Amino acid sequence: MDWLWWVGAALLLGLVEIISLDLVLIMLAGGSLAAAGVNAAGGPLWLQIVTFAVVSVILLLTLRPWLLRHLRSRVPLTETNVAAHVGRTALAVDRVSEFGGRVKLVGEVWTARTEPDAPQIPVGTEVRVVRIDGATAVVAPLPAQHPTGS
């Protein structure tokens, strides 16, 4: 009946995986089920632990990457949190240099800076967010828009 501990661990890992959706804990659950099988077959504790570790690592290195590729090919990746701000436009509300400044990004004022050796950005200039570095938006000026027509 000790195998029930392994099955219980697998169920718990599976439930937590539902929350995280990272496909790591479910691989550990697979290792737990393999260890439960070794226990049910009468294997010693050290063999159960080794089986858990080996099966978990094999699943993490082989099945997880395949599942992630398959999942990403079927479901578009939607950036969230600060990653969603990369590429967005913002408006400089203070002069922005490599040492600091402020921009209005999606209705909020963010601290900002430019890349080193980039020219300063004056107030009122539209900029593009290059990346987010901690709580600071690294920005670059948008290319100048030339009017078209005659």
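In what follows, residues are counted from 1 in the order of the sequence shown. Computed from a predicted structure; not experimentally measured.
- Between Gly14 and Ile26 the shortest heavy-atom distance is CA-CD1, 4.1 Å.
- Taking CH2 of Trp6 as the reference point, atom CD of Gln48 lies at 6.5 Å (rounded to 0.5 Å).
- Of all heavy-atom pairs spanning Val55 and Ala34, the tightest one is CG2-CB, 3.7 Å.
- Here the side chains of Pro116 and Glu98 are in contact, with some heavy-atom distance below 4.5 Å.
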Stepwise, does the side-chain contact (heavy atoms from CB on, under 4.5 Å) test hold for Leu23 with Leu68?
-> CA-CA 8 Å; Leu23 298 180; Leu68 286 174; 3.6 Å; yes
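- At least one side-chain heavy atom of Arg64 sits under 4.5 Å from a side-chain heavy atom of Val24.
- For the pair Thr114/Gln120, no side-chain contact is recorded, criterion being any heavy-atom separation below 4.5 Å from C-beta on.
- To the nearest 0.5 angstrom, Asn39 atom CG is 10.5 Å from Thr51 atom OG1.
- In this structure, the side chains of Met27 and Leu67 come closer than 4.5 Å at one or more pairs of heavy atoms.
- In this structure, Leu25 and Ser20 approach most closely via the heavy-atom pair CD1-OG, 4.2 Å.
- Following chains of ILVMFWY side-chain contacts shorter than 4.5 Å, one cannot reach Leu4 starting from Leu15, and the two form parts of different hydrophobic clusters.
- At a threshold of 4.5 Å between side-chain heavy atoms, the hydrophobic network of Ile, Leu, Val, Met, Phe, Trp and Tyr places Val86 and Val106 in one connected group.
- Judged purely by atom type and a 3.5 angstrom limit, Ser32 uses its side chain to pair as donor or acceptor with the backbone of Leu28.
- Within 6.0 Å of the CZ atom in Arg88, the count of heavy atoms belonging to other residues, nucleotides or ligands exceeds 12.
- Among all heavy-atom pairs drawn from Gly124 and Leu91, the shortest one is O-CD1, 3.3 Å.
- Exactly one residue among Val103, Val139, Thr89, Ile121 makes a side chain to side chain contact (heavy atoms under 4.5 Å, CB included) with Glu126. That residue is Thr89.
- Leu63 and Leu71 fall into different hydrophobic clusters, where Ile, Leu, Val, Met, Phe, Trp and Tyr side chains are chained together by heavy-atom contacts under 4.5 Å.
- Thr62 is not listed as a side-chain neighbour of Trp66, based on a closest heavy-atom distance of 4.5 Å or more.
- Between Asp94 and Lys104, none of the side-chain N atoms (NZ, or NE/NH1/NH2) sits under 4.0 Å from a carboxylate O, so this pair counts as no salt bridge.
- Put simply, Val96 and Trp110 are part of the same group of oily side chains (I, L, V, M, F, W, Y) that touch within less than 4.5 Å, one to the next.
- Proximity of a side-chain donor or acceptor of Arg128 to a complementary backbone N or O of Gly87 within less than 3.5 Å is detected.
- Listed here is the closest heavy atom pair of Phe52 and Gly31: CD1-C, 3.4 Å.
- Separating the CD atom in Glu115 from the CZ atom in Arg131 is a distance of 4.5 Å, to the nearest 0.5 Å.
- In this structure, the separation between CG on Leu13 and OG on Ser56 is 8.5 Å, given to the nearest 0.5 Å.
- Note on Leu45: it does not cluster hydrophobically with Val54, by side-chain heavy-atom contacts below 4.5 Å among ILVMFWY residues.
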